[in-house]
Amino acid sequence: MSLNDLPPLREVIASHDLKARKSLGQNFLLDLNLTGKIARLAGDLAQCDVLEVGPGPGGLTRGLLAQGARRVLAVEKDARCLPALAQIAAACPGRLEVINADALALDPLRHLTPPIRVVANLPYNIGTELLVRWLTPATWPPYWKSLTLMFQREVAERITARPGSKAYGRLALLAGWRTDARIVLGLPPEAFSPPPKVSSAVVHFTALPAPRFPADARVLEQVVAKAFNQRRKMLRSALKGLAPDIEDHLIAAGIKPTQRAETVALEQFCALARIIEKI
Ligand code: SAM
């Protein structure tokens, strides 16, 4: 059987009794034209291994394989999906490896060969956590070349937000620091089964060869998280406790102690992280 001969996804879901579970963030994409489009937005897959988190019944997995991915590693927590995924693997011998695991607990590098692209319709409950992990390894460039990820629209807007906007915060800073990130596709709730309450969007991240400004990932993340934790406060108060003499460090980084986090540019946050790291 080839990919084109596989049964439609609705049939797969019915025959394997894959009733969507909210606790696993299951909103499935059943339109193969759409999953093919998302796979194309990920870039040229032919020479790449692809990490897919949460393949579910395998709609996006089929798209990735149809777009010529060299190999796909699909990590799925829900064992009910395994028979449906095994059918896809049988249609593409040697190109799909399925691991029944929690993506948060797995080291994908043990199973993949660079160049690697990550493509996923993420479970909403671990999407942000996975993204922050992908953006903050200690060294850069990371093991992946690009990330093409589905988020709730509101999260996608936070990732791509500009300074001064309401959505600007930790995610925009971490994404902007080491990647080019842009929204490449918007999807209405009806694109999924069952439809979620909100719209979704696909964000494509390209890893930059080096971060835009030098900083230690762990320190930068800590500074930014604390700064935006109380985003209405002036930074001299929001960052109290981060280091002694915080007002002096803010000034040395080119930030007014009375500024709020949402008005501070990435370059200044990186300067502050470098100062804090040395203390
Ligand atoms: N990729 C499929 C699609 O587009 O139709 C399913 C996407 S659904 C939004 C998210 C998938 O992630 C579900 O299949 C769910 O079981 C799986 N999942 C949830 N938590 C997970 C985890 N911690 N590790 C791996 N997979 C997980």
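Indexing begins at 1, ligand by ligand and atom by atom, following the structure's order.
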Would one find an N or O of [X], backbone or side chain, under 3.5 Å from an N or O of ligand 1?
{"X": "Phe28", "value": "no"}
{"X": "Gln26", "value": "yes"}
{"X": "Val53", "value": "no"}
{"X": "Glu76", "value": "yes"}

Using non-hydrogen atoms of the residue, decide whether [X] is closer than 4.0 angstrom to ligand 1.
{"X": "Met150", "value": "no"}
{"X": "Ala101", "value": "yes"}
{"X": "Gly59", "value": "no"}
{"X": "Asn125", "value": "no"}

Numbering the atoms of ligand 1 from 1, which are under 4.0 Å from a heavy atom of [X]?
{"X": "Gly56", "answer": "14 (O)"}
{"X": "Leu122", "answer": "9 (C)"}
{"X": "Ala103", "answer": "22 (C), 23 (N), 24 (N), 25 (C)"}
{"X": "Asn27", "answer": "7 (C), 8 (S), 9 (C)"}
{"X": "Gly25", "answer": "8 (S), 9 (C), 10 (C)"}
{"X": "Val75", "answer": "25 (C), 26 (N)"}
{"X": "Glu52", "answer": "1 (N)"}
{"X": "Asp78", "answer": "16 (O)"}

Short side-chain to backbone donor-acceptor contact, [X] and [Y], under 3.5 Å:
{"X": "Arg71", "Y": "His111", "answer": "yes"}
{"X": "Arg178", "Y": "Pro141", "answer": "no"}
{"X": "Gln152", "Y": "Glu154", "answer": "no"}
{"X": "Thr263", "Y": "Arg260", "answer": "yes"}
{"X": "Arg95", "Y": "Leu65", "answer": "yes"}
{"X": "Thr179", "Y": "Ala175", "answer": "yes"}
{"X": "Arg153", "Y": "Gly186", "answer": "no"}

Can you tell me the protein heavy atom closest to [atom] and the distance?
{"atom": "atom 3 (C) of ligand 1", "value": "Asn121 ND2, 3.5 Å"}
{"atom": "atom 20 (N) of ligand 1", "value": "Pro123 CG, 3.6 Å"}
{"atom": "atom 12 (O) of ligand 1", "value": "Gly54 CA, 3.2 Å"}
{"atom": "atom 2 (C) of ligand 1", "value": "Pro55 O, 3.2 Å"}
{"atom": "atom 19 (C) of ligand 1", "value": "Leu24 O, 3.2 Å"}
{"atom": "atom 23 (N) of ligand 1", "value": "Asp102 OD1, 2.9 Å"}

*Could you go through the side chain to side chain contact (heavy atoms under 4.5 Å, CB included) check for Leu6 and Ile88 one step at a time?*
CA-CA 7 Å; Leu6 289 168; Ile88 303 173; 4.0 Å; yes
*Could you please spell out the steps behind the salt bridge (charged side-chain N to carboxylate O under 4.0 Å, His left out) verdict for Glu221 and Arg170?*
CA-CA 8 Å; Glu221 215 220 323; Arg170 181 174 78 123; 2.8 Å; yes
*Which of the listed options, Lys77, Arg80, Arg21, Glu129, holds the heavy atom that is closest to atom 26 (N) of ligand 1?*
Lys77
*Nearest neighbour of atom 5 (O) of ligand 1 from the list Ile99, Leu130, Leu29, on a heavy-atom basis*: Leu29
What part of [X], side chain, backbone, both or neither, has a heavy atom within less than 4.0 angstrom of ligand 1?
{"X": "Leu104", "answer": "neither"}
{"X": "Cys81", "answer": "neither"}
{"X": "Ala120", "answer": "neither"}

_side-chain hydrogen bond (donor to acceptor under 3.5 Å, both in side chains) evaluation trace for Asn100 with Glu76_ = CA-CA 5 Å; Asn100 183 204; Glu76 175 55 64; over 6 Å; no
*Pairwise side-chain contact, Ile38 with Leu29, heavy-atom cut-off 4.5 Å (strictly under)*: yes
*Can you see which heavy atom on Val219 is nearest to which on Ala273, and at what distance?*
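Of all heavy-atom pairs spanning Val219 and Ala273, the closest is CG1-O, 3.5 Å.
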*For residues Pro196 and Phe192, report the shortest heavy-atom separation together with the two atoms involved.*
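Closest approach of Pro196 to Phe192, heavy atoms only: CD-CB, 3.7 Å.
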_If I take atom CG from residue Leu239 and atom CD from residue Glu247, how far apart are they, to the nearest 0.5 angstrom?_
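Rounded to the nearest 0.5 Å, the CG-CD separation comes to 11.0 Å.
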*asked:* Salt bridge or not between Glu262 and Arg232? Use side-chain N to carboxylate O under 4.0 Å.
replied: yes
*What orientation do Tyr168 and Phe228 show, parallel under 30°, tilted 30 to 60°, or perpendicular over 60°?*
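Perpendicular, since the angle between the ring planes exceeds 60°.
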